[in-house]
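Structure record follows, encoded as structure tokens.
Reckoned from all heavy atoms, side chains included, excluding hydrogens, waters and symmetry mates. In what follows, chains are A, B, ... by sequence order, proteins preceding strands, each numbered from 1. Here the structure is a predicted model, which means the values were calculated and not measured.
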Amino acid sequence: MMPKKGPIISNLRKDQILKSLSEGRHIDGRDLTSQRPLEITPGIIEKAEGSASVKLGGTHVIAGVKVEVDTPFPDTPSEGILIVNAEVLPTASEYQEPGPPDEDSIELARVVDRGIRESKMVDFSKLVIEPAKQVYTVFVDISVLSMDGNLFDASSYAAVAALMTSSFNVYRMEGDVPVKTEDKMAMPLADLAVSLTFAKIGGSLVIDPTWEEEGIMDARLTAVYDSDGRLCAMQKGGSGGLKIDDVFQVVDAGKAKYLDIRKKIVEAVENAKSGN
Amino acid sequence: MMPKKGPIISNLRKDQILKSLSEGRHIDGRDLTSQRPLEITPGIIEKAEGSASVKLGGTHVIAGVKVEVDTPFPDTPSEGILIVNAEVLPTASEYQEPGPPDEDSIELARVVDRGIRESKMVDFSKLVIEPAKQVYTVFVDISVLSMDGNLFDASSYAAVAALMTSSFNVYRMEGDVPVKTEDKMAMPLADLAVSLTFAKIGGSLVIDPTWEEEGIMDARLTAVYDSDGRLCAMQKGGSGGLKIDDVFQVVDAGKAKYLDIRKKIVEAVENAKSGN
Amino acid sequence: MMPKKGPIISNLRKDQILKSLSEGRHIDGRDLTSQRPLEITPGIIEKAEGSASVKLGGTHVIAGVKVEVDTPFPDTPSEGILIVNAEVLPTASEYQEPGPPDEDSIELARVVDRGIRESKMVDFSKLVIEPAKQVYTVFVDISVLSMDGNLFDASSYAAVAALMTSSFNVYRMEGDVPVKTEDKMAMPLADLAVSLTFAKIGGSLVIDPTWEEEGIMDARLTAVYDSDGRLCAMQKGGSGGLKIDDVFQVVDAGKAKYLDIRKKIVEAVENAKSGN
Amino acid sequence: MGNLIVDGKRTDGRGLLDLRPLKLEAGTIKNAAGSSYIEHGKNKIYVAVYGPKDSHRYGTSMEKAVIRCRYHMSPFSTDERKSPAPSRREIEISKVIRDALESSLILDEFPKTLLDIYVEVLQSDGGSRSASITAASVALADAGIPMKDLVEAVAVGKVDGTLVVDLSDKEDKEGEVDLPIAFLLNENMITLLQMDGKMTVEEFKEAVNMAKEAAMKIKEKQKEALGKKYFEKVDEK
Amino acid sequence: MGNLIVDGKRTDGRGLLDLRPLKLEAGTIKNAAGSSYIEHGKNKIYVAVYGPKDSHRYGTSMEKAVIRCRYHMSPFSTDERKSPAPSRREIEISKVIRDALESSLILDEFPKTLLDIYVEVLQSDGGSRSASITAASVALADAGIPMKDLVEAVAVGKVDGTLVVDLSDKEDKEGEVDLPIAFLLNENMITLLQMDGKMTVEEFKEAVNMAKEAAMKIKEKQKEALGKKYFEKVDEK
Amino acid sequence: MGNLIVDGKRTDGRGLLDLRPLKLEAGTIKNAAGSSYIEHGKNKIYVAVYGPKDSHRYGTSMEKAVIRCRYHMSPFSTDERKSPAPSRREIEISKVIRDALESSLILDEFPKTLLDIYVEVLQSDGGSRSASITAASVALADAGIPMKDLVEAVAVGKVDGTLVVDLSDKEDKEGEVDLPIAFLLNENMITLLQMDGKMTVEEFKEAVNMAKEAAMKIKEKQKEALGKKYFEKVDEK
């Protein structure tokens with residue numbers, strides 16, 4: 001309903017950030033088109049069917065995948081189910097109260113969900129045990145441990161890497177009852193979604209904003225690209241607007257950048273798999 | 001638990017209202033036994049199985065009917081189910097906070113429900129697909145868009161008119177499974193409930209109180225009549241009491257009045273039906 | 001999350017209590033190893049399958065047992081189910097707000113549950129209608145009407161006495177459906193759990209603390225004994241610590257005392273049964 | 001219709017105008033400002049009153065004490081176990097009980113305070129809201145809240161086409177009309193009135209008059225309970 | 001893919017750039033500071049604005065009015081009955097609507113106040129969030145909240161491989177892309193932008209330009225609605 | 001009973017008194033006043049401490065900081081997915097953890113403040129409440145909260161009739177007794193004690209003494225973690 005309180009940035013600090021940006025640098029020294037250090041570690045939760053820890057600067061996110069069986073939705077009898085949840089934990093900052101997911105956590109979960117769903121990354125047709133009777137339900141749960149801005153990208157990378165390293169027990173129908181077998185199957189994947197978030201701060205358009213930068217930004221734009229560089233999900237955030245030209249600049253900049261990130265995700269996943 | 005805050009009526013305004021009433025007029029000019037202008041428009045929500053908009057002076061209420069299938073209650077295996085919900089929307093006044101239904105919304109829903117149920121208006125025995133297995137569940141949802149007093153009558157008229165113009169898809173059992181057919185049936189009706197609300201303000205007993213009048217009334221009494229003029233549901237409201245003689249006067253006044261309202265409802269319904 | 005506000009004990013009163021304890025007496029005159037008057041009345045709720053009222057000094061608790069049928073948990077297909085709930089009612093004190101169970105009510109329910117469960121008092125293997133299909137679910141609901149300290153023991157005695165006087169309708173499977181018969185069975189019992197609570201206040205270790213004493217205690221320790229004097233559940237409470245020697249002293253003192261209480265429970269139950 | 005009244009007697013042996021057994025006690029809960037216990041038929045109900053206490057909460061008034069009321073049923077109070085969360089029925093009854101009691105009280109001595117009335121139904125039978133009001137009025141008197149008069153409530157109904165006083169559970173469920181009413185007798189006032197079921201306007205008026213007679217009997221029980229508490233206190237000295 | 005566009009016409013007979021019928025009214029709710037009603041396709045939506053009102057609540061600001069927004073669907077607004085409790089979808093849409101409107105408003109005249117925007121969807125169709133924004137901006141103007149410009153929103157999409165304006169429900173569900181956008185036209189600003197489905201960067205840019213054209217048409221409807229209310233008021237005198 | 005201990009070795013190869021592998025880190029969460037991370041067996045738990053911060057909330061004290069504690073399990077932390085809403089078990093554990101830590105802290109320097117302890121269990125194994133306490137005490141020290149001593153916790157239990165230290169998940173579920181205990185060693189104090197299952201008073205006393213020995217080992221790990229953070233900080237200069 002109501003925007004959440006965040007950190008108050010002093011006018012002095014604000015001026016420092018804006019001056020730095022006007023000189024072509026984030027306040028942490030990066031140039032405007034560089035992400036902060038990105039560390040992707042899949043497989044950290046052994047009890048989950050898939051998992052990944054992502055650190056993006058001071059932001060730290062864990063995604064875990066659990067697979068259950070359930071009846072399919074009536075209108076998609078031959079498709080599995082994906083459910084994405086996110087909780088910005090009260091560990092993440094002093095402004096985060098414990099309780100049911102607030103609007104920020106819900107938006108975060110829904111944007112990550114759309115990136116995965118609309119990129120057609122998960123092949124839902126292969127998550128079926130028996131059509132109209134039993135399908136796999138894939139839960140992707142995101143726990144934000146530490147908050148330092150750009151939760152959308154960090155959470156998206158964590159969810160994507162967790163899915164890419166997921167495998168789970170196959171079920172077989174015995175009469176009307178799904179029975180767990182010892183066979184394992186890997187998560188059926190058909191694409192890879194790469195999220196990129198930009199912020200408009202003062203006159204500058206910058207990638208991967210920190211929490212301080214988000215505190216003084218006009219607006220934010222997240223664009224998600226599939227493996228072919230097509231847009232598959234977008235979300236504008238923040239209480240300000242974006243010039244139409246800014247929006248066009250963002251989608252071009254994202255297209256120029258997404259392959260770099262894609263490579264980092266793929267490498268982290270391959271390292272984790274070969275480490276097994 | 002606790003009474004809700006409403007508008008504060010200044011002493012000056014209060015005196016004006018009382019003076020007007022003592023002279024035989026509501027503050028809006030009506031005489032004490034006249035309702036405000038009543039506008040009943042059935043059929044405004046095409047996606048609902050039945051619907052009606054009711055404007056009663058400045059009060060505006062929408063009722064919508066949806067029909068689903070479900071298992072019957074164990075103690076009434078051969079009867080359909082009626083569920084009435086009401087939400088006084090935060091659009092209705094500045095005193096209405098968004099959130100789950102408060103005690104006023106719950107009382108409103110339950111009084112409308114009792115009027116419909118106890119008048120035996122809906123013939124539940126005809127809402128059965130297969131006894132003990134599947135019956136129709138009739139949801140009547142009431143959205144109060146605008147608040148200007150006497151929600152009980154406005155909501156009751158809206159619910160009644162929505163039911164009278166409802167029709168829904170017939171289900172047929174195939175084995176144990178209810179299957180929707182293209183056939184339509186009209187809501188099975190056996191009577192018509194007419195709600196009338198009076199308020200005791202100062203020494204006066206008046207019909208159809210406005211919100212201002214409710215703010216200074218001693219007590220309120222709602223009486224619901226069936227087609228034969230028998231009482232079928234009543235509810236006293238407000239933190240004050242009513243003299244026994246006042247109560248008797250109300251039930252007599254209601255009996256003298258209910259046929260007028262009944263006629264307005266029936267006409268609105270017939271107009272809507274012939275308009276189709 | 002946060003400790004609940006309770007009564008503020010003045011320094012004068014605190015000194016009085018501590019002085020009395022140092023002289024070997026509770027402030028109400030008991031010696032340190034004596035419980036307050038205990039009144040156990042089983043069978044007060046005729047509509048319940050079992051019930052008991054327990055008054056322990058000014059503390060008054062009602063426990064009621066209801067038995068329903070349900071599917072067993074997948075990992076215990078041949079065992080019935082026990083569910084213990086507690087609500088410290090707002091009648092109990094001015095500090096108790098109405099609402100869903102707070103952490104104190106939840107802890108109370110869970111400690112009573114553990115005493116019953118871990119003593120193996122209820123024979124769950126006899127609460128089975130058909131293994132893996134239908135079992136009895138035993139609800140023990142505890143309503144705390146009046147609060148004067150030591151809710152754990154009062155609630156435990158009430159729950160135990162209610163279970164000991166419970167009997168319920170037998171169900172028989174007809175095909176896949178459990179059907180209620182007119183036959184009655186008594187709750188199958190195999191042991192009897194006796195709870196004893198001590199508090200450390202100033203330098204003294206005392207049994208059955210009053211609410212005032214709990215307000216100034218360092219810590220509390222509840223120990224539950226089976227019929228053979230073995231410990232079967234324990235719970236330390238309060239924000240202070242207990243010396244290891246204090247803990248040892250408590251378990252010894254409890255073992256010396258539990259048979260007295262056991263006898264009172266058994267007598268109350270037998271009186272109630274013979275009264276029938 | 002047909003077997004609830006036989007030879008002028010009801011299923012529990014009562015005549016048409018007879019009340020069920022009614023037991024009332026005042027001063028039953030240690031910490032409360034006022035309290036009571038009622039057994040009426042199989043109803044077993046405790047009431048505790050707390051306050052008036054100062055409050056800065058949203059919702060208090062500069063002009064008088066604001067009353068909060070909770071009517072709640074213990075999970076074991078009904079034939080089928082009841083979920084402990086408040087049902088819509090309990091929320092509505094909490095409201096009408098509050099409305100039934102408020103006009104009996106003189107609250108303008110206590111601006112910016114809250115007065116809490118907590119009703120706990122340990123066992124429910126027909127007429128639990130009426131029994132709650134009767135008991136709550138005693139608890140308010142026990143708490144020393146200034147009042148114009150006690151409030152008493154009873155359900156009248158129509159059973160096998162006949163008007164009867166103080167409906168039992170069976171009569172409530174199988175009968176034609178349930179009409180709970182609360183009275184502030186010395187003002188000839190009705191402070192609660194609800195009705196379910198069909199009756200003519202004439203029947204209704206007769207039913208109200210029958211309820212008033214019953215309320216007078218209940219008032220005697222209220223006075224007794226309060227007197228007994230006072231008497232015993234004197235006795236203890 | 002294949003049967004949503006036939007001979008350049010869409011399933012409801014519209015051309016690729018045509019809007020669905022759109023009706024807008026201002027001043028529809030008695031108690032509100034500002035209000036509106038929109039019918040856009042089968043969407044039927046009321047908006048009420050309350051405030052700015054002083055508040056000491058946690059969350060207000062010393063610098064400006066804080067906006068709260070609720071987007072809510074009535075239970076009968078959808079094909080299947082919707083639970084009245086807010087869904088995650090409704091919570092997200094409430095947030096993006098608030099974000100879409102805030103930059104159009106001049107709020108620093110109202111420190112320590114709350115401005116409430118309540119959107120009630122009585123019947124939902126494709127593009128209900130866009131219609132809500134269009135209507136809410138009219139309600140804010142009706143409330144006299146100072147603003148830089150009105151905000152209007154529309155969903156553009158890709159259907160059978162072709163870009164079309166103002167998606168219907170069927171096109172939204174069976175098409176390839178749904179792209180709702182809100183504009184603050186006199187600043188050439190986008191204040192809401194969401195996208196589902198796959199399109200190239202070039203298609204995206206074309207779609208944004210199409211949306212802008214549509215927004216201009218919608219703005220005319222907004223002005224008409226506000227003008228009509230003003231005109232009628234003068235008329236009444 | 002019978003196959004959890006074979007030839008004096010437990011199912012994971014440990015001796016009766018051996019701890020599972022235990023790794024502790026301090027200073028793991030950027031924004032927190034103090035934080036920690038523990039791996040104990042398969043438990044993986046983060047703790048963040050915020051405050052003491054001034055608060056005017058109901059529930060604060062004029063005499064000391066009031067502690068709030070939340071123990072929470074991520075949905076993927078267990079074999080079956082756990083609902084993210086707090087269970088009754090999590091609510092009880094939050095309370096006993098708070099009670100286990102409070103007496104180690106010197107809080108009277110911070111009247112009218114709140115001190116928040118947030119425990120997030122990313123993966124749970126036997127003894128997660130004990131590991132949480134051990135880690136939370138490190139986070140509190142990292143936050144610079146004045147304390148009498150660190151607190152460490154461990155579960156002792158009875159398995160195949162034998163007392164063992166630091167129960168694994170399997171031993172917890174299949175064994176006879178689970179007895180988690182927390183110590184404030186330099187005061188010879190027990191600050192958490194819970195027990196499930198049957199044992200004699202004599203066995204209980206022996207188990208407490210075994211737990212104390214284990215706590216001393218754990219305390220060394222706590223000191224190492226805090227020392228390492230301090231050392232690395234000096235190193236960075």
Next on the checklist: With a 4.0 Å cut-off on N to O distance, would you call C:Arg114 and F:Glu92 a salt bridge?
Outcome noted: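 Result for this pair is yes, salt bridge flagged.
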Is the number of heavy atoms from other residues, nucleotides or ligands under 6.0 Å of [X] [atom1] greater than 12?
{"X": "C:Lys120", "atom1": "NZ", "answer": "no"}
{"X": "F:Glu63", "atom1": "CD", "answer": "no"}
{"X": "C:Lys263", "atom1": "NZ", "answer": "no"}
{"X": "C:Asn11", "atom1": "CG", "answer": "no"}
{"X": "F:Lys53", "atom1": "NZ", "answer": "yes"}

Between [options], which residue shows the highest count of heavy-atom pairs closer than 4.5 Å to chain C?
{"options": "F:Ser94, F:Gly197, F:Ala100, F:Ser104", "value": "F:Gly197"}
{"options": "F:Glu203, F:Met199, F:Arg98", "value": "F:Arg98"}
{"options": "F:Arg70, F:Lys95, F:Arg89, F:Arg68", "value": "F:Lys95"}

Smallest separation among heavy atoms of [X] and [Y], with atom names:
{"X": "C:Gly240", "Y": "F:Ser103", "value": "CA-CB, 3.8 Å"}
{"X": "F:Lys205", "Y": "C:Asp252", "value": "NZ-OD2, 2.7 Å"}
{"X": "F:Met189", "Y": "C:Gly241", "value": "SD-C, 3.3 Å"}
{"X": "F:Arg88", "Y": "C:Val84", "value": "NH2-O, 2.9 Å"}
{"X": "F:Lys198", "Y": "C:Cys232", "value": "CG-CB, 3.9 Å"}

Roughly how far, to the nearest 0.5 Å, is [atom2] of [Y] from [atom1] of [X]?
{"X": "C:Glu107", "Y": "F:Asp99", "atom1": "CD", "atom2": "CG", "answer": "7.0 Å"}
{"X": "C:Phe248", "Y": "F:Ile190", "atom1": "CZ", "atom2": "CD1", "answer": "6.5 Å"}
{"X": "C:Arg110", "Y": "F:Ile91", "atom1": "CZ", "atom2": "CD1", "answer": "9.5 Å"}
{"X": "F:Leu192", "Y": "C:Lys236", "atom1": "CG", "atom2": "NZ", "answer": "7.0 Å"}
{"X": "C:Asp226", "Y": "F:Thr200", "atom1": "CG", "atom2": "OG1", "answer": "10.5 Å"}

Interchain contact, [X] with chain F, by part (heavy-atom threshold 4.5 Å):
{"X": "C:Ala219", "result": "neither"}
{"X": "C:Leu242", "result": "both"}
{"X": "C:Lys243", "result": "both"}
{"X": "C:Asn85", "result": "both"}

Interface moiety of [X] toward chain C, non-hydrogen atoms closer than 4.5 Å:
{"X": "F:Val201", "result": "both"}
{"X": "F:Ile67", "result": "backbone"}
{"X": "F:Leu114", "result": "side chain"}
{"X": "F:Phe183", "result": "side chain"}

Checklist entry - Just wondering, do C:Gln235 and F:Val96 contact through their side chains at under 4.5 Å, heavy atoms? => result yes
Next on the checklist: Contact between C:Met234 and F:Asp196 at the side-chain level, heavy atoms closer than 4.5 Å - yes or no?
Outcome noted: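 Of all side-chain heavy-atom pairs linking F:Asp196 with C:Met234, none is under 4.5 Å.
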Checklist entry - Looking at C:Val251, C:Asp218, C:Ile244, which has the largest count of heavy-atom pairs under 4.5 Å with chain F? => result C:Ile244
